[in-house]
Amino acid sequence: MRDPKPFLDKLTNEYKFKLKGSGPLEFHLGCDFFRDEQGVLCMSPQRYIDRMVDTYQRMFGQKPKTNVTSPLEKGDHPECDTSELLDEQGVTWYQSLAGQLQWAISLGRLDIATAVMTMLSFRSAPRQGHLDLAKRICGYLLKMKNAAIRFRTGLPDYSDVTEPVYDWADSVYGCPTEQIPTDAPTPLGKSVILTHYVDANLFHCMLTGRSVTGILHMINGTPIDAFSKKQATVETATYGSEFVAARTCVEQIMDLRFTLRYLGVPIQGRSYMFGDNESVVNSSSRPDAKLHKRHVALSFHRVREAVASNMLSFLHIDGVKNPADILSKHWGYQQIWPQLRTLLYWCNLERSPKNNYILSTSLARAMSSLPAGVQRWTTKHVVGMCGVGKFKVRWGAADSAACPCCGDFEDHLHVPRCTAPSASAEWERWTASLDQWLDTQVTDPAIKHAILYLLQGVRDPSLPCSRLVPVCLCRAFLSQQRIGYQGLLEGRLSVHWAALQEQYLQSRGSQRSPTLWVSRLSHQLILLGFHMWEHRNLVQHLEDNVQLRERSRLVNNGIHSQFDVGPTDLPKVVQRMLAVKRQTVLNKPLVDREEWLKLVRMERTAYCCALVPQRHILHRFFHPAQAP
């Protein structure tokens, strides 16, 4: 229906229906719907993930950790976990998380499909290690919550794909044709091209030996279904498991083509099925190919007959470019990011490169106005090679990568996101200062609100949402999101802010320069990040540091125990160390207290060892019968 409004008005006014949510599609079954800058419809389960995190927080008292870049570690085998079985409460938590993660897949998060499929194998008797992995998947979703599926309706261009043409008339299949339903409605609307990617992972489960089939179905350029499941049989070679996966994909293609025809959707030509096993592709596509593995005979003939009927073309694709890898194995971020970015993080693939969104001249002016020390810090911060815990451990300069303020894993992104009370107070202090500065610079109130709102994304990337900013700012807001929230603290601002500020200044009759305003804003934002770093370094050298807090507690306990024992068993020279007040010793710096405790313990031990021979002599004198 091109214009549903008259129809809805008739239902409301004439038939007195009470309709809810009859406006533009924004939310359905936990999934958000919106349109990007080009007006293309997109779907993303961000609001559902927020609710899932709230449920997680009620269960475990904290948000899931977001220091992961993949649902599970590459090559992980949860079936080999030998940790303790969960109690009744733990099983309930595990099953609740598993159900929520399943629905996230239904809402388009196909990147967690393989991990969730694997974890569901243990839902009846999960272990503590399995619960930890389910928490990890939740943390991954929270960190990567901005994934969205874009409804690309343009037909894919396969003009550069070489399709082999063979004569199947002399084969055992003869001249088969695709089964087309005779009672389907007449196709209407624009035609579609179906694309399918298939892959298998041999010996995915080390307990059962089962392989995993991964299949991705696409209509035009939009992923519409993802399949990840263990195979029903145990295959002993990649050839067999890939053929089983190909047969499953062919059956799903037949089902999808039937469904679309019954819905009246015109299908253009054959389907394109891509696999990364060249032996299987050649065995399926060539009439003269021979069956080398008899136990895959049915899969072999099923796929070949579909190819012979011209229903589909089975083509080879390089394994590193096959998006079905996401659905067949536990992957690493670097391995799968190119495919994942194309499917779910398309906002990073706009035609203009990221740097074209940055007002570089204003950034250069801001950098030149900074002190030399801040310039060096900014340079190291941009490349992520500052002296945080992650790199100190890598360089061998520290034993732990824990943040000195909160104790969480620390990388260069963690410093402004630290949740310690002192760090939060420091952040509030400097953002309030930035708020006042924006007022003094005659900043458009809407722009000020958007900048401060984007800064919340530095602390929590799940917060900023373009729907909560005025329409006139959406372009600048989305452009800044492409640059990245962390880019704010590096002074990298979108060119669109200058244009918007210029319009505001002209409306007020002001002669101020918008580019100068941008460079000064970049200057202030860089200083905000630098102040957070200075606070982190200050805490690192104080006893408020979480790494030193436990150490200080142990030293204080040792000092108390020495005072409780008293000067007994100590030389007279050392006894004077216990003659001072206890609080005087406790008020000394940690290094001095450690030296005091070490000296007292050493002297007490040495004095006791020196008295042992004397005690043996006295014992033999008063108890001669018991002498050894």
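Every value quoted in this text rests on a predicted model; they were computed, and no experiment measured them.
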Of all residues at least two apart in sequence or in a different chain, which pass the side chain to side chain contact (heavy atoms under 4.5 Å, CB included) check with [X]?
X: V40; value: D36, Q38, R150
X: L454; value: F477, Q480, Q481, Y485, L488, W497
X: S424; value: R459
X: F27; value: D32, R47, R51

Between [Y] and [X], is there a side-chain heavy-atom distance shorter than 4.5 Å?
X: W93; Y: L86; answer: no
X: I49; Y: R109; answer: yes
X: I149; Y: T222; answer: yes
X: R152; Y: N220; answer: no
X: Y272; Y: P156; answer: no

Neighbour count >12 (heavy atoms, 6.0 Å) for atom [atom1], [X]:
X: H28; atom1: NE2; answer: no
X: L298; atom1: CG; answer: no
X: E84; atom1: CD; answer: no

Run the side chain to side chain donor-acceptor pair (under 3.5 Å) test against [X] and tell me which residues pass, sequence neighbours left out.
X: T419; value: none
X: T69; value: none
X: D87; value: none

Which label fits F60 and Y56: parallel for a plane angle under 30°, tilted from 30 to 60°, or perpendicular past 60°?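 Geometry flag for Y56 against F60: tilted rings.
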
Quick check on side chain to side chain donor-acceptor pair (under 3.5 Å): which of T213, D199, N322, N201 does S328 satisfy it with? D199

Given the rule in the side chain to side chain contact (heavy atoms under 4.5 Å, CB included) test, do M59 and S96 qualify, once you have shown the distances and angles that lead to the verdict? CA-CA 10 Å; M59 287 181 184; S96 176; 3.0 Å; yes

Kindly say whether [Y] contributes a backbone atom to a donor-acceptor pair with the side chain of [X] at under 3.5 angstrom?
X: H130; Y: M119; answer: no
X: W103; Y: L29; answer: yes
X: S241; Y: L202; answer: no
X: S228; Y: L327; answer: yes
X: R536; Y: P404; answer: no

For residues 131-144, dump all side-chain donor-acceptor pairs below 3.5 Å to protein atoms at least two apart in sequence or in another chain.
residue: D132; atom: OD1; partner: Q128; partner atom: NE2; Å: 3.1
residue: R136; atom: NE; partner: S70; partner atom: O; Å: 3.3
residue: R136; atom: NE; partner: P71; partner atom: O; Å: 3.0
residue: R136; atom: NH2; partner: S70; partner atom: O; Å: 3.3
residue: R136; atom: NH2; partner: S70; partner atom: OG; Å: 3.2
residue: Y140; atom: OH; partner: D111; partner atom: OD2; Å: 2.7

Decide yes or no on salt bridge (Lys or Arg N to Asp or Glu O under 4.0 Å) for R417 and D408, but give the supporting numbers first. CA-CA 11 Å; R417 295 178 182 175; D408 290 341; over 6 Å; no

Holding to salt bridge (Lys or Arg N to Asp or Glu O under 4.0 Å), I want the full list of residues that pass it with R286, two or more places apart in sequence or in another chain.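 Listed in chain order: D288.
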
L194 and L260: CA distance, side-chain angles, deciding distance, side chain to side chain contact (heavy atoms under 4.5 Å, CB included) verdict: CA-CA 10 Å; L194 304 183; L260 291 176; 3.7 Å; yes

Between side-chain atoms of residues 244-254 and protein atoms elsewhere (two or more places apart, or another chain), which donor-acceptor pairs fall under 3.5 Å?
residue: R247; atom: NE; partner: S299; partner atom: OG; Å: 3.4
residue: T248; atom: OG1; partner: V244; partner atom: O; Å: 3.0
residue: Q252; atom: OE1; partner: H217; partner atom: NE2; Å: 2.6

Let me see the working for M273 and V307 under side chain to side chain contact (heavy atoms under 4.5 Å, CB included), right down to the final yes or no. CA-CA 10 Å; M273 184 171 77; V307 174; over 6 Å; no

For Y94, what residues pass the ring pair (Phe, Tyr, Trp, His ring centres under 6.0 Å) criterion, not counting sequence neighbours?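 Result, ring pair (Phe, Tyr, Trp, His ring centres under 6.0 Å) vs Y94: none returned.
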
Sequence neighbours left out, cut at 3.5 Å: what donor-acceptor pairs do the side chains of residues 312-321 make with other protein atoms?
residue: S313; atom: OG; partner: E163; partner atom: OE1; Å: 2.9
residue: S313; atom: OG; partner: R270; partner atom: NH1; Å: 2.7
residue: H316; atom: NE2; partner: D276; partner atom: O; Å: 3.4

Aromatic ring centroids of H330 and H204 under 6.0 Å? yes

Side chain to side chain contact (heavy atoms under 4.5 Å, CB included) for T208 and V234? Distances and angles first, verdict last. CA-CA 8 Å; T208 63; V234 177; 5.8 Å; no

